[in-house]
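Working notes for the structure below.
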Amino acid sequence: MIVARDRDELRRAALPAPLAFVPTMGNLHAGHLALVELARRHAPRVAVSIFVNRLQFAPHEDFEHYPRTLAADCEQLAAAGVDLVFAPDERVLYPEPQRFQVEPPPLADELEGRFRPRFFHGVATVVLKLLNCVQPRFAMFGKKDYQQLTIVRDMVRQFNLPVEIVAGETVRESDGLAMSSRNAYLSPAERREAPRLYQVLLQVCAGRLTPAAAVDALQAAGWKPDYIEVRRRPDLAVPSAVDRARVALGAARLGSTRLIDSVEF
Ligand code: PAF
């Protein structure tokens, strides 16, 4: 497995196309490895990027403390048969202030965007840069971050980028909690409580809870919910009565950890 730390090393790796690509911020778990597996089914060569993107963190968020575990991540990726890891540091991806940024559509100000202003500007900008560096034929994004997947897919279509976005199913712990690097922040008691977010989303999907009642249920259990909403697939518009393909999305804080999840129905 080649580990490229800058664009010269990436160019020298010169992997033959087609390439399937999994962008990550590292601290890998089974959810990332499932995306690697999905990538392998799409192309003979698989590349993974590891980059904690300052541009998508607000000043009060966990950028400085986000777990950076490059050596352990590379061990896992080598064992998974990955061909190339692109792990640039900030000076490689942002050698100067990023004066041009992707301006995402109004959807970026809804759901996650209401609570994380400019988050999707940062995500879209770094994804565009990573796609330009790696030049994959396929790029894998997980459905847990459903709004990210939707916005990236729209960006790729609108900018005619020569890459196909492939959605990966959410990987869950045995009690239903969606895998996330941020789960490591949970105390043992919070970890036991954490599957409730998925449970209320399932109840919303089944019509047993309205989104407002799901917010109340989380609050009653000590959470601070940001939102629970039902949107239409695939564009996350507010659904009308005829829109049958839907997704329930939620984000809530448990102690100091913010968890997000989504369930299609
Ligand atoms: O989902 C993530 O890990 C990040 O948002 C991504 C897509 C790697 C961009 O930094």
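Counting convention: from 1, in listed order, for ligands and their atoms alike. Only heavy atoms go into these numbers, but all of them, side chains included; no hydrogens, no water, no symmetry mates.
Pairing each heavy atom of Arg182 with each of Thr257, the nearest pair is O-CG2, 3.5 Å. Pairing each heavy atom of Glu110 with each of Gln147, the nearest pair is O-NE2, 3.0 Å.
Here is the list of ligand 1 atoms found below 4.0 Å of a heavy atom in Gln56: 4 (C), 5 (O), 9 (C), 10 (O). Of all atoms in ligand 1, listed by their number and element, those nearer than 4.0 Å to a heavy atom of Val126 are 9 (C), 10 (O). Ligand-side atoms of ligand 1 in range of Thr24: 8 (C), range being under 4.0 angstrom from any heavy atom.
In this model, a donor atom of one side chain and an acceptor atom of the other lie less than 3.5 Å apart for Asp62 and Tyr185. A side-chain N or O of Tyr146 and one of Glu264 form a donor-acceptor pair less than 3.5 Å apart.
Of all protein heavy atoms, the one lying nearest to atom 7 (C) of ligand 1 is Gln148 NE2, 3.6 Å.
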